[in-house]
Amino acid sequence: MTERMMPMAKAINEGLRAAMTADPSVLLMGEDIGTLGGVFRVTEGLKAEFGENRVLDTPLAESGIVGTAIGLAMRGYRPVCEIQFDGFIFPGFDQITSQLAKLTYRHEGSQAFPVVIRVPYGGHIGAVEHHQESPEAYFAHTAGLRVVSPATPNDGYWMIQQAIASNDPVLFFEPKSRYWQKGEVADDGVPTPLHQSRVVRTGTQVTLVGHGAMVAQLLQAAEVAAGEGTSVEVIDLRSLSPIDFAPILASVQKTGHLVVAQEAPGNVSVGSEIAATIAERAFFSLEAPVLRVSGFDTPFPPAKLEGAYLPDVDRILEAVDRSLAY
Amino acid sequence: MSYTEATVQLLSPQGSLVESDATAPYLPLIAGLDESRLLDFHRQMVVIRRFDIEAGNLQRQGQLALWIPSLGQEAAQVGSGYAARSQDHIFPAYREHVVGRIRGLDPMRIIEMLRGLSHGGWVPEETGNFHLFTLVIGSQALHATGYAMGMRFDGVVGTGDPEVDAATLVYFGDGATSQGDVNEAFVFAASYQTPQVFFLQNNHWAISVPVERQSRTPLYLRPAGFGIPSVQIDGNDVLASYATTRAGLDAARAGEGPRFIEALTYRMGAHTTSDDPTKYREDEETRFWSERDPITRYEAYLRGKGVGDDFFREVAVEAEDLAADARRRTLALTDPPTSKVFAHVYTDAHPLVAEEAAWYSAFEAGYEEAGS
Ligand SMILES: Cc1ncc(C[n+]2csc(CCOP(=O)(O)OP(=O)(O)O)c2C)c(N)n1
Ligand SMILES: [Mg+2]
């Protein structure tokens, strides 16, 4: 197996290139993704390589991007749309949730809608309003969509290709605060299936679950906890719809303690779903209620306050302590 | 009423051909039609009107949850529907029953949908590329535009081969022109020069809201701002509908970019069977439009050409037959199995849906056992 070090932005770029090379029906569409290569440069160089009919600098209209991607999918294309920032997905919300998500059902399975929607998301970048949000729960709540989020460059490289290969629509949430940290990318080998969660650190006393940028924080918290004598298991969810509960259940049966962490607000969230499901399925294994660590149920605050809003290692550890104190 | 100087009309309300500078480009397209096609126009209008009335009755008798009448809009729909070639793709709103029928859709599929047995579910490849109805106002405009972008990328535009060159035809209403999606579709269509005809049926009402609330400008003038050539037509004139759509699609397929047609027509019936138009509109207006009935006018034209009673009698019988058949088949419809709730939510396997389907099936079985 050959491995190369690269940041996630580059890994996703390479994954897109691989998918476009393998399948001429894959095309990219979005705002500023062509000549500029995207505001995060995730599509850098692809227009020069594949031409303007496969990397479309579209008009500035999210509903238009998703709606025309649906038409292109009907025509046999596999469009990959970029939403420039998390907070700008909502003008396209109707086409995503009322059309894209339901069209296979409405067609009673005769047509597939293999559209990927890439969304750079999350905080920690000190940006202005609408540029740091975590709207994944809206989409995980919607039947017909698949929702995933890579936490590492390797997952960025493979998961984007798997998302494009999926015959169902996939919301692909890219943790933008993790775009630039390097990690190993395996060019070959067998990738983890798209909708599997993964134990990324083993431990025995508490289970921590999260996705996207949160996974790095959970690993840090586990490290600190280990220094204090607490053994923590960390699970990278990777897929938010469907959620792969098996590794979480297995872990909780071992630890009896579960903390779910996310940047998104906690109310009616992915973390809430995990808490409810684990309470249903592992009630007698739990030695404490499942605890959620999340962004607050407020709008994302001005950037100078994001440190107070976003869960950090201290808030994760506080929850670990609370869980163990039950 | 909202006719303007610019309104293209090939057939006067009395049923004679209008020869003028405005109609000159279109009359050859009519002259080129063979007699049997001219008769088809009439046949489809009459038959669908009868079917429509039957479906409305079936709703009143509790057989359907809803019916969406197309009464009064037959000419706009039949003319434009016949203008499309077999390789074209048609994206309807929800009132274009006869366009579907022309393309090969069994209208029973619409009855099934409005009875609550499906969300459409027909296969566009099997219905002459007539796509599913879209109930979210205006959404389909973007699908048609994206589809047409794909035709362009695939090189099936402007080759000069009439069997290859293709276009999309999308239907929407006057209310829909206010939707963002329709306007975004204009932007994308103009930008990518899609092979596409936007066909607006201005039936003057969006449920209870008159078209004046949607626009202070005649709607056919709007596309100019997007860079899309447009024409306003008398939508109760089946020949104008055919010829302008034909010309628009020909231009679109030839690679000249999108075209826009505003067909002035009138929704003679209620918005749907759930609606009560007496609450918001005057008899006088309805009278104005009933004097411009699309079928009466076209029948006068055909009779002027020497078409005799036999034909009209034959069409009347065909209409009665279709209505009787629709009634018989509606009464024979059965509910789908409950497993349909869970079918085709995803294309590939999905654990959550599979789990819920299995749970519900066991739950149902438990009740059956308890009951037996
Ligand atoms: C996005 C959306 N908003 C509201 C409705 C409810 N609704 C159904 S039909 C209709 C009026 C549509 O008017 P128009 O576009 O003129 O088409 P017509 O029904 O006259 O054919 C409305 C408001 C809807 N279906 N979709
Ligand atoms: Mg209307």
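Residues H350(B) and H195(A) form no side-chain contact, since every pair of their non-hydrogen atoms from C-beta on lies 4.5 Å or further apart. Residues R75(A) and M149(B) are not in side-chain contact: their nearest non-hydrogen atoms beyond the backbone lie 4.5 Å or more apart. With a 4.5 Å cut-off on side-chain heavy atoms, F188(B) and T58(A) count as touching. The side-chain heavy atoms of E125(B) and Q111(A), taken from C-beta on, include a pair separated by under 4.5 Å. Residues L142(B) and Q99(A) form no side-chain contact, since every pair of their non-hydrogen atoms from C-beta on lies 4.5 Å or further apart. Between H107(A) and H344(B) the shortest side-chain heavy-atom distance does not fall below 4.5 Å. Inter-residue side-chain proximity for Y192(B) and T68(A) is flagged as unmet; no heavy-atom pair is nearer than 4.5 Å.
Closest approach of Y105(A) and V341(B) over heavy atoms only: OH-O, 2.7 Å. In terms of heavy atoms, L132(B) sits closest to R106(A) at CD1-O, 3.4 Å. Across all non-hydrogen atoms, the minimal contact from S139(B) to Q95(A) is O-NE2, 3.3 Å. Scanning all heavy atoms of the two residues, the minimum distance from Y346(B) to L145(A) falls at OH-O, 2.7 Å.
Using a 4.5 Å cut-off between heavy atoms, R54(A) does not touch chain B at all. The part of D94(A) that comes within reach of chain B is its side chain, from C-beta onward, which places non-hydrogen atoms under 4.5 angstrom from that chain. In this structure, chain A has no heavy atom under 4.5 Å from any part of V170(B). At a 4.5 Å heavy-atom cutoff, E126(B) makes no contact with chain A through either its backbone or its side chain. Using a 4.5 Å cut-off between heavy atoms, Q140(B) makes no contact with chain A at all. Looking at S98(A), the atoms closer than 4.5 Å to chain B (heavy atoms on both sides) all sit in the side chain, from C-beta outward. Of the two parts of S118(B), the backbone and the side chain both hold a non-hydrogen atom closer than 4.5 Å to a non-hydrogen atom of chain A. Contact of A343(B) with chain A is made through the backbone alone, with heavy-atom distances under 4.5 Å. Residue contact with chain B, scored on non-hydrogen atoms closer than 4.5 Å, is absent for A69(A).
Comparing A61(A), S110(A), G109(A), P59(A) by heavy-atom pairs within less than 4.5 Å of chain B, the highest count is held by P59(A). Of all the listed residues (S241(A), G71(A), P169(A)), the one sharing the greatest number of non-hydrogen pairs under 4.5 Å with chain B is G71(A).
Not a single donor-acceptor pair under 3.5 Å links the side chain of D181(B) to the backbone N or O of S63(A). Judged purely by atom type and a 3.5 angstrom limit, Y147(B) has no side-chain atom pairing as donor or acceptor with the backbone of L72(A).
In F226(B), the CZ atom is crowded: over 12 heavy atoms of neighbouring residues, nucleotides or ligands sit closer than 6.0 Å. Counting non-hydrogen atoms of neighbouring residues, nucleotides and ligands closer than 6.0 angstrom, the CD atom of E52(A) reaches no more than 12 such neighbours.
If you take NE2 on H89(B) and CE on M74(A), they are separated by 10.0 Å, rounding to the nearest 0.5 Å.
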